[in-house]
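Because only heavy atoms are used, hydrogens play no part in the values below, and waters and symmetry mates are left out as well, while side chains stay in.
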Amino acid sequence: MRRSIRPPRACVLWYNGRVHNAEPHTLAEVSRRSRAGWVALALRGGVGKLITLGALVLLSRTLAPADFGVFAILQFPLGLLSLVADAGLHAALVQRTAVSEADEAAGFTLRLLLAVALGALTVLAAGALGALYQLNAPAVWALRLLALGPIINALGTVPGMRLTRQLRFDRLAWAELGSLVAGQGVAVLLALAGAGLFSLAGGALASTVAGTLLVNVLAPWRPQLRLPRDAARALLVFGLPYQAQGLAHLAKDRVIPALGGLLLSGGQVGGQVGLLVWAQDLAHWPRLPADYVARVGFPAFARLQADPAGLAGAVNEAIGLVVLVSGGLSAAALALAPALVAPVFGAEWAGAGLPLQIFLLQTPLDALAAVLLPLVYALGLAGRGLRLSLAWAALTWALCWAAVAVWPHLPSTIANAPLAAIPTASGLGTLAAVLVLLRQLPNTIRLDPWRSLLRPVLIAAAAGVALRVLIEVIL
């Protein structure tokens, strides 16, 4: 007798092919699941970062900065491919008050078709991109291999959306942890085997495969390849403006490989780019609690649209938590970075120390923006959010381009640190963006400046200063 496979309780339940989602609607249920989801993601993130740190030490001691730089250059077109292929469909499905089978079918079919078409285009255009950035033949083939990732990822669209709408971030956390272990494990094994750049490419692809498999196990679904016109149109009306802001943020966040890969030198292709991207990615770690709050916050804020008081309380709580935790972690990292970069990761990474510290100063601002921008979209203000994101990206590119051009003409004490140009310009752009976002909050949301901003900043700064003094005493 054939045994049927059912997902865990409180997950998606199947009855004759119809889906019944256990979505929260009351303030109490949204708050409970939001806190539980953030804790699950934070725990997963903590374990994951310990694993990633161990892998990063091994990879940094095995691979050259140029390998990281070339991989970062490849990730820029691949990021564009992934975002365009998604077309904001995942966010559109999450933001809707109710989702039908037609919506799910339309979202999955559109995403799969876009991923296949854009993946083929990437394979064909890989040679031209390699010529633009002076990449060698192995790097071009690595780009073609990585173009499979968005196609595989499309198979997890509906399961991931269902778990997000239900605020079941505990299950998503398990899937992401498995994905991380698979990706880092494959990358380290390939690096130790001498695969060079392909160790990073292989790890990225293994992570995508594992994550897609796991999310389908945790939320089984029945794929439907059909494209209802009304459902597709409704999803794209919200999804395209939403995803356009994702493209803007990709352009902002990847300004180093995209612009720096063309303007910076440093010996072989990717040398200085590798140092800067390595520093930027490491400085991103203290922002992870904010990313988790943003992931939980977007569906939670969307569920609370009709409850202004509840929404205001949730926003104040989210901002206070993010500023305290991300600010504290950034302060601790600033205290530790000067003493640990070269001894832990290797002498060839010593040049990344100064840009790492500049990026860490920017991290709390990034964390605050990571919470404020999803709030704009959760309220259905996709057009406003898109304009803000486009302006932020344009400002960052303009400042970075100007900084690279002007930096060599500054006084010698500053010009001797050319790798500080882009991090400094990026930080100025982020400061301007946060100030604008704070002014864009609806009138119904009143921030408590002391509880949400000033007190967490003072606590984080004090903790960082105390840790730095302790290090100086010990050393």
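- Using a 4.5 Å cut-off on side-chain heavy atoms (C-beta onward), L80 and L250 make contact.
- Counting heavy atoms from C-beta on, the side chains of S207 and S179 come closer than 4.5 Å.
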Just do the side-chain contact (heavy atoms from CB on, under 4.5 Å) check on V181 and I51 with the steps written out, would you? CA-CA 7 Å; V181 170; I51 296 171; 3.7 Å; yes
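- Between L200 and L74, every side-chain heavy-atom pair lies at or beyond the 4.5 Å cut-off.
- Atoms CD1 and CG, from I459 and L454 in turn, are 11.0 Å apart once rounded to the nearest 0.5 Å.
- Expressed to the nearest 0.5 Å, how far CG of L63 lies from CZ of F68 amounts to 5.0 Å.
- Residues meeting the ring-ring contact (aromatic ring centres under 6.0 Å, His included) test with F345, sequence neighbours left out: W278.
- Of all heavy-atom pairs between A290 and V371, the closest is O-CG2, 4.2 Å.
- The shortest side-chain heavy-atom distance between P423 and L276 falls under the 4.5 Å cut-off.
- Between the CG atom in L58 and the CG atom in L192 there is a gap of 6.5 Å [rounded to 0.5 Å].
- Nearest approach of A370 to D291, heavy atoms of both residues: CB-OD1, 4.1 Å.
- The structure places CG of L59 at 6.0 Å from OG of S199, a figure rounded to the nearest 0.5 Å.
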For the pair D281 and R287, evaluate salt bridge (Lys or Arg N to Asp or Glu O under 4.0 Å) and give the outcome as yes or no after the intermediate values. CA-CA 10 Å; D281 290 345; R287 204 193 87 172; over 6 Å; no
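- Put simply, the residue from L399, I256, I358, V273 that forms a side-chain contact (heavy atoms from CB on, under 4.5 Å) with I422 is I256.
- The 12-atom threshold is not exceeded at CH2 of W401, counting heavy atoms of other residues, nucleotides or ligands nearer than 6.0 Å.
- Using a 4.5 Å cut-off on side-chain heavy atoms (C-beta onward), L56 and L282 make contact.
- V188 has its side chain out of reach of T62: every pair of non-hydrogen atoms, C-beta onward, lies at least 4.5 Å apart.
- In this structure, the separation between CG on L329 and CH2 on W285 is 12.0 Å, given to the nearest 0.5 Å.
- To the nearest 0.5 angstrom, L321 atom CG is 8.0 Å from S326 atom OG.
- For G429 against L395, the heavy-atom pair with the smallest separation is CA-CD2, 4.0 Å.
- For the side-chain hydrogen bond (donor to acceptor under 3.5 Å, both in side chains) condition, the pairs that include at least one residue of residues 345-372, sequence neighbours left out, are Q362-D366, Q362-S426, Q362-T430.
- Under the 4.5 Å side-chain criterion, counting only non-hydrogen atoms from C-beta, F71 is not in contact with D67.
- The shortest distance between side-chain heavy atoms of F301 and L375 falls below 4.5 Å.
- Across all their heavy atoms, G156 and N216 have their closest contact at CA-ND2, 4.0 Å.
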Any chance you could lay out the side-chain contact (heavy atoms from CB on, under 4.5 Å) test for L146 and Q75, step after step, and finish with the verdict? CA-CA 9 Å; L146 289 167; Q75 284 185 306; 5.8 Å; no
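- Residue pairs meeting the side-chain hydrogen bond (donor to acceptor under 3.5 Å, both in side chains) criterion with at least one partner in residues 77-89, sequence neighbours excluded, are D86-R111, D86-Q243.
- Nearest approach of A331 to A460, heavy atoms of both residues: CB-O, 3.3 Å.
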